[in-house]
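We name chains A, B, ... by the order of the sequence lines, and we start the count at 1 in each one. Because the structure is a prediction, the values reported are computed rather than measured.
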There are 2 protein chains.
Amino acid sequence: MKNKYNGIYQELANRIKDGMYQPLEKLPSEHELVEEFEVSRETIRKALNLLAQNGYIQKVRGKGSVVLEVGKFNFPISGLVSFKELANKLGKESSTKVHELSIIHPDRYLMNQLKANEQSEIWKVVRVRKIDNDRIILDKDYFLKKFVPSLTKDICEDSIYEYLEKELNIKISFAKKEFFVEQATEEDKELLDLQMYDSVVVVKNYVYLNDASLFQYTESRHRPDKFRFVDFARRQT
Amino acid sequence: MKNKYNGIYQELANRIKDGMYQPLEKLPSEHELVEEFEVSRETIRKALNLLAQNGYIQKVRGKGSVVLEVGKFNFPISGLVSFKELANKLGKESSTKVHELSIIHPDRYLMNQLKANEQSEIWKVVRVRKIDNDRIILDKDYFLKKFVPSLTKDICEDSIYEYLEKELNIKISFAKKEFFVEQATEEDKELLDLQMYDSVVVVKNYVYLNDASLFQYTESRHRPDKFRFVDFARRQT
DNA sequence: TAGTGGTCTAGACCACTTA
DNA sequence: AAGTGGTCTAGACCACTAC
């Protein structure tokens, strides 16, 4: 752990997960934590703020930091979790089939979404995700080629994110997601096991790099009964 | 504005919204902001962190803080925005009809959701939200009565949140939301103008107070074509 | 009154980017 | 080398909660 406050955050989070600090009880006071970890109070406070942001504790002025129930706030699909991470977390049988992997030039819609121009080269990756033997999710990914020179079917079947982060050392920094429900298209019906459903949940995802440049646009189409999103929101002060 | 850093955050956010700082350009450096606002650097940094959290800027080490164009998108349904705030923001014709307002004792499902027992008294509020003359949203709210002694039809038709915050001075602090798609029930079909749709988007909302006690459980049922959720997620360091 | 968290300061050193 | 943001410190004062 590079940073002190990050290390302290991890340590305290583990203690909560391990039950050393029980839900509805209080954490040691900031002053006590200062003594235990031998750092300044602002450093402890950074760690506590991380815990609060991630739903581990609630700070109450004049009282202390109350531990929240953990399981409840450990969201299955919040933030920027990849399909692989998610499937692992849920312990589900899952697989990925690459349906298309090609380099295209953008049409007007894509130019707009990716802020590219007609000459831009773009990776198009279409993947079908199986969970428990049903084809549940249709993922269409578009990357700007200038960021990702090469891409193979094997990589796409594994985890593109792992490849980008570990091999290419591309740093993903933030994303904007948008959800809505849409009528299923012919393509959806063909590539997914939609059963009696005639609509899909569409998640549009815009992924940005560390320097704030738009890097990827993804459209993810889910069978409605298998879609679920959890959000933890803190009211602005 | 009570806090310095909050005031500075508001001021900088306004400058971005007003276009004084343009997207993809950089904010003044932290040092320059220290001089302008005559505060310490940590205070400036708190303001900048708020801007980053809310999608206004992206901080880049060694370079500066880049203004994002995403910031302008003031997400329609992110965080804890009430129906009234939302309708106002979108400038839509909207109204609320109270369908039921009563005090009940919880069944097993509600006892579980609200962590209440059989003796608890609970406000049940059922409201139908019209947008552009269609009944689009069915809201079922459950409050623990011990927190909200009195509640009238008028209040429910206006904004319950405004009443709670301004009149009762109840401080809402954080919430967990959960979304999924469900088959429409008979009640949905009766109370909403579902047209040809036979499913609804369900949003379950658990609202907590400052002291981390669960205060309200809400189930919000939307006609699928009128539902949309936007999320801004920052990757953990 | 004592203890808690919330804000704020004036420095310091570091890692990274740009020139 | 100069400028940027990232981390960290050792204090200070305040507002709120509990007793």
Does [X] place a side-chain N or O at less than 4.0 Å from the phosphate oxygens OP1/OP2 of [N]?
X: B:Tyr5; N: C:dT7; answer: yes
X: B:Ser29; N: D:dG3; answer: no
X: B:Thr43; N: C:dT9; answer: yes
X: A:Lys63; N: D:dA18; answer: yes
X: B:Lys59; N: D:dG6; answer: yes
X: B:Arg45; N: D:dG6; answer: yes
X: A:Lys26; N: C:dG5; answer: no
X: B:Lys46; N: C:dG6; answer: no

For this session: Return the 5'-most residue of the pair A:Val39, B:Arg61 with respect to DNA chain D, ranking by each residue's nearest nucleotide.
Result: B:Arg61
Find the distance [X]:[atom1] to [N]:[atom2] and express it as a whole number of Å.
X: A:Lys4; N: D:dT7; atom1: NZ; atom2: P; value: 13 Å
X: A:Leu33; N: C:dG6; atom1: CG; atom2: P; value: 13 Å
X: B:Glu38; N: C:dT9; atom1: CD; atom2: P; value: 10 Å
X: A:Asn6; N: D:dT7; atom1: CG; atom2: C1'; value: 11 Å
X: A:Leu27; N: C:dG3; atom1: CG; atom2: C1'; value: 16 Å
X: B:Glu42; N: C:dG11; atom1: CD; atom2: P; value: 14 Å
X: A:Ile44; N: C:dT7; atom1: CD1; atom2: C1'; value: 17 Å
X: B:Glu25; N: D:dT4; atom1: CD; atom2: P; value: 16 Å

Exercise. Any donor-acceptor pair under 3.5 Å linking the side chain of B:Arg221 with the backbone of B:Asp139?
Worked result: no
Problem set entry | Flag, side chain of A:Asn54 to backbone of A:Tyr56, donor-acceptor distance under 3.5 Å | no
Exercise. Are the aromatic rings of B:Phe143 and B:Phe215 close, with centres under 6.0 Å apart?
Worked result: yes
For this session: Could you walk me through whether B:Arg15 and B:Glu36 pass the salt bridge (charged side-chain N to carboxylate O under 4.0 Å, His left out) test, one step at a time?
Result: CA-CA 14 Å; B:Arg15 290 187 189 172; B:Glu36 179 185 344; 2.6 Å; yes
Seminar exercise, completed: Between the CD1 atom in B:Ile155 and the CD1 atom in B:Ile160, the distance rounded to the nearest 0.5 Å is 8.5 Å
Problem set entry | No-H, no-angle donor-acceptor pair, B:Arg41 side chain to D:dG6 base, under 3.5 Å | yes
